[in-house]
Engineer: 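Okay, handing you the structure first.
Because the structure is a prediction, the values reported are computed rather than measured. As a basis for the values below, the full set of heavy atoms in this structure was taken, side chains included, without hydrogen atoms, waters or symmetry mates.
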Amino acid sequence: LVVLDEAYYEYVTAPEYPQTVPLLHEYSQLVVMRTLSKAYGLAALRIGYGIASEALIRAVEPAREPFNTSTVAQAAAAAALDDQAFLRACVERNRAELERYYRFCDEHGLKYYPSQTNFVFIDFGIDGNEVFQYLLERGVIVRSGRALGLPTGVRVTIGTKEQNDRVFETIASMLREKQLA
Ligand SMILES: *Cc1c(COP(=O)(O)O)cnc(C)c1O
């Protein structure tokens with residue numbers, strides 16, 4: 001069994017990102033997994049889907065946990081998948097805000113890793129836990145890079161414009177206080 005985790009599929013703009021659904025015709029042991037937790041914004045409903053050959057789905061069905069999704073979640077998922085205009089708007093907003101992060105980092109001399117998702121990794125050149133703690137105490141929760149094997153930075157989830165403004169202000173005050181920029 002080969003499982004492709006495409007949790008960030010909807011956000012990706014890189015032209016080399018593979019389109020894997022056509023591969024299902026060739027590989028009967030392949031499953032493409034997608035979630036509605038990310039770009040569709042339905043994380044609390046705990047719903048996603050897998051695409052695979054009929055034979056593979058039939059084989060998995062007896063082992064599937066009973067009641068593993070709810071009717072409400074399935075109805076919401078079907079409606080969300082139908083509303084591609086809303087999805088496009090979310091993805092475009094995410095991309096525009098991501099680019100604001102790039103500009104913020106460029107303006108402040110911060111190194112970052114360009115992203116295909118709804119987060120960005122910023123390298124501050126100091127302990128990621130220290131950055132995490134500073135931001136946490138000011139109401140901004142990020143993920144320390146220590147847990148991700150990149151100890152000198154943090155991963156920031158792209159929020160709304162207002163949330164991101166607050167992140168920028170807080171990071172800017174940290175840079176001033178710690179005399180990093
Ligand atoms: C979010 C995510 C998923 C799916 O999460 P669910 O909320 O359980 O649907 C799968 N893989 C990766 C890498 C993710 O980030």
Engineer: Which atom pair, heavy atoms only, marks the closest approach of Leu36 to Ala80?
Structural biologist: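 Nearest heavy atoms, Leu36 then Ala80: CD2-CB, 3.9 Å.
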Engineer: Rounded to the nearest 0.5 Å, how far apart are CZ of Arg166 and CG of Leu135?
Structural biologist: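 The distance works out to 10.5 Å.
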Engineer: Show the nearest heavy-atom pair for residues Leu42 and Ala76, with the distance to one decimal.
Structural biologist: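 Where Leu42 meets Ala76 most closely, the heavy atoms are CD1-O, 4.1 Å.
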Engineer: Less than 4.5 Å apart, any side-chain heavy atom of Leu110 and any of Phe124?
Structural biologist: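 Sidechains of Phe124 and Leu110: in contact.
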Engineer: When you look at Glu99 and Arg103, which way does the salt bridge (Lys or Arg N to Asp or Glu O under 4.0 Å) test go after all the steps?
Structural biologist: CA-CA 6 Å; Glu99 279 165 13; Arg103 283 199 296 279; 5.2 Å; no
Engineer: Please report the interatomic distance CD1(Ile122) to OH(Tyr112), rounded to the nearest 0.5 Å.
Structural biologist: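 Result: 10.0 Å between the selected atoms.
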Engineer: Quick one: CD1 on Ile171 to NE2 on His108, what's the gap to the nearest 0.5 Å?
Structural biologist: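 The CD1 atom of Ile171 sits 9.0 Å away from the NE2 atom of His108.
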Engineer: Over all heavy atoms of both residues, which pair between Gly128 and Val154 is shortest? Give the atoms and the distance, please.
Structural biologist: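 Closest approach of Gly128 to Val154, heavy atoms only: O-CG1, 3.5 Å.
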Engineer: Would you call Tyr49 and Thr35 a side-chain contact if the rule is heavy atoms closer than 4.5 Å?
Structural biologist: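 The answer is no; the side chains never approach within 4.5 Å.
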Engineer: Taking the side chain as C-beta and beyond, is there a heavy-atom pair between Val120 and Leu98 under 4.5 Å?
Structural biologist: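 Yes. Closest side-chain heavy atoms under 4.5 Å.
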Engineer: Between Arg64 and Glu61 (salt bridge meaning N to carboxylate O under 4.0 Å), is one present in this structure?
Structural biologist: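 Salt bridge flag = yes for Glu61 with Arg64.
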Engineer: Do Val3 and Val60 belong to the same hydrophobic cluster, where Ile, Leu, Val, Met, Phe, Trp and Tyr are linked whenever their side-chain heavy atoms lie under 4.5 Å apart, directly or via other members?
Structural biologist: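 Same hydrophobic cluster.
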Engineer: Counting only heavy atoms not in Tyr27 (residues, nucleotides, ligands), do more than 12 fall under 6.0 Å from its OH?
Structural biologist: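 It does not: Tyr27 OH has 12 such atoms or fewer within range.
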Engineer: Give a yes or no on whether the backbone of Thr69 and the side-chain of Gln74 come within a donor-acceptor separation of less than 3.5 Å.
Structural biologist: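 No; zero donor-acceptor contacts below 3.5 Å.
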Engineer: Under 6.0 Å between ring centres, would you say that holds for Tyr8 and Phe119?
Structural biologist: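 Between Phe119 and Tyr8, which both carry aromatic rings, the centre distance is below 6.0 Å.
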Engineer: With side chains defined as the heavy atoms from C-beta onward, is the minimum distance between Val31 and Leu56 less than 4.5 Å?
Structural biologist: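 In short, these two side chains touch, coming nearer than 4.5 Å.
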Engineer: Is there side-chain contact between Thr20 and Glu6, with heavy atoms separated by less than 4.5 Å?
Structural biologist: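 The answer is yes, as the side chains (C-beta and beyond) meet within the 4.5 Å cut-off.
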Engineer: What do the steps show when you test Arg155 against Ser144 for side-chain contact (heavy atoms from CB on, under 4.5 Å), and what is the final call?
Structural biologist: CA-CA 6 Å; Arg155 189 190 73 184; Ser144 169; over 6 Å; no
Engineer: Drop me the distance from Ser53's OG to Leu30's CG, to the nearest 0.5 angstrom.
Structural biologist: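 Atom-to-atom, Ser53:OG and Leu30:CG are 9.0 Å apart.
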Engineer: Indicate yes or no for a side-chain donor-acceptor contact from Gln163 to the backbone of Thr160 under 3.5 Å, with no hydrogens or angles considered.
Structural biologist: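 Checking the backbone N and O of Thr160 against the side chain of Gln163, a donor-acceptor pair under 3.5 Å is found.
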Engineer: Counting heavy atoms not belonging to Leu1, are there more than 12 under 6.0 Å from its CG?
Structural biologist: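 It does: Leu1 CG has more than 12 such atoms within range.
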Engineer: How close do Ala14 and Val12 get, counting heavy atoms only, and between which atoms?
Structural biologist: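 So the two residues come closest at N-CG1, 3.6 Å.
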Engineer: Please tell me if the side chains of Thr157 and Val142 come closer than 4.5 Å, counting only heavy atoms from C-beta onward.
Structural biologist: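 They are not in side-chain contact.
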Engineer: Could you state the interatomic distance from CG (Leu136) to OG1 (Thr170), rounded to the nearest 0.5 Å?
Structural biologist: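 Nearest 0.5 Å value for the CG-OG1 distance: 11.5 Å.
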Engineer: Quick one, Thr152 with Arg146, criterion side-chain contact (heavy atoms from CB on, under 4.5 Å). Give me CA distance, side-chain angles, the key distance, then yes/no.
Structural biologist: CA-CA 7 Å; Thr152 59; Arg146 281 211 166 268; over 6 Å; no
Engineer: Measuring from Leu150:CG to Asp123:CG, what's the distance to the nearest 0.5 Å?
Structural biologist: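 Reported value, rounded in 0.5 Å steps: 7.5 Å.
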Engineer: Closest approach of Leu87 and Ala39, non-hydrogen atoms and distance?
Structural biologist: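 Shortest heavy-atom contact: CD1-CB, 3.7 Å.
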Engineer: Could you check Arg100 against Lys161 for side-chain contact (heavy atoms from CB on, under 4.5 Å), going step by step and ending with a plain yes or no?
Structural biologist: CA-CA 9 Å; Arg100 287 182 68 221; Lys161 185 173 184 305; 3.4 Å; yes
Engineer: Going by ring-ring contact (aromatic ring centres under 6.0 Å, His included), Tyr101 matches just one of Phe168, Phe121, Tyr113. Which one?
Structural biologist: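 So the option named by the test is Phe168.
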Engineer: Do the side chains of Arg34 and Glu10 get close enough for a salt bridge, i.e. N-O under 4.0 angstrom?
Structural biologist: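 Looking at Arg34 and Glu10, the cut-off is not met.
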Engineer: Are the side chains of Met33 and Leu4 in contact, using a 4.5 Å heavy-atom criterion?
Structural biologist: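 Of all side-chain heavy-atom pairs linking Met33 with Leu4, none is under 4.5 Å.
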Engineer: Assess Arg88 against Phe86: is NZ or CZ under 6.0 Å from the centre of the six-membered ring, and within 45 degrees of the ring's axis?
Structural biologist: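 No, a cation-pi geometry is absent between Arg88 and Phe86.
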Engineer: Should Arg93 and Glu97 count as an ion pair when the cut-off is N to O under 4.0 Å?
Structural biologist: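 No, this pair does not count.
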Engineer: Determine whether a donor-acceptor pair (N or O, by modelled atom type, separation under 3.5 Å) exists between the side chain of Asn118 and the backbone of Tyr11.
Structural biologist: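 No, Asn118 side chain to Tyr11 backbone: no donor-acceptor pair under 3.5 Å.
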Engineer: Assess whether atom CD of Glu177 is packed by more than 12 heavy atoms of other residues, nucleotides or ligands within 6.0 Å.
Structural biologist: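 Buried by this count: over 12 neighbours within 6.0 Å.
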Engineer: Between Tyr134 and Ser173, does the side chain to side chain donor-acceptor pair (under 3.5 Å) criterion hold? Intermediate values first, please.
Structural biologist: CA-CA 10 Å; Tyr134 183 96; Ser173 68; 3.2 Å; yes
Engineer: Below 4.5 Å, heavy atoms only, C-beta onward: do Asn94 and Val91 meet side chain to side chain?
Structural biologist: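 Side-chain contact under 4.5 Å: no.
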Engineer: I would like to know whether Gln19 and Tyr9 meet side chain to side chain donor-acceptor pair (under 3.5 Å); could you show each step before the answer?
Structural biologist: CA-CA 10 Å; Gln19 288 304 320; Tyr9 173 81; 3.1 Å; yes
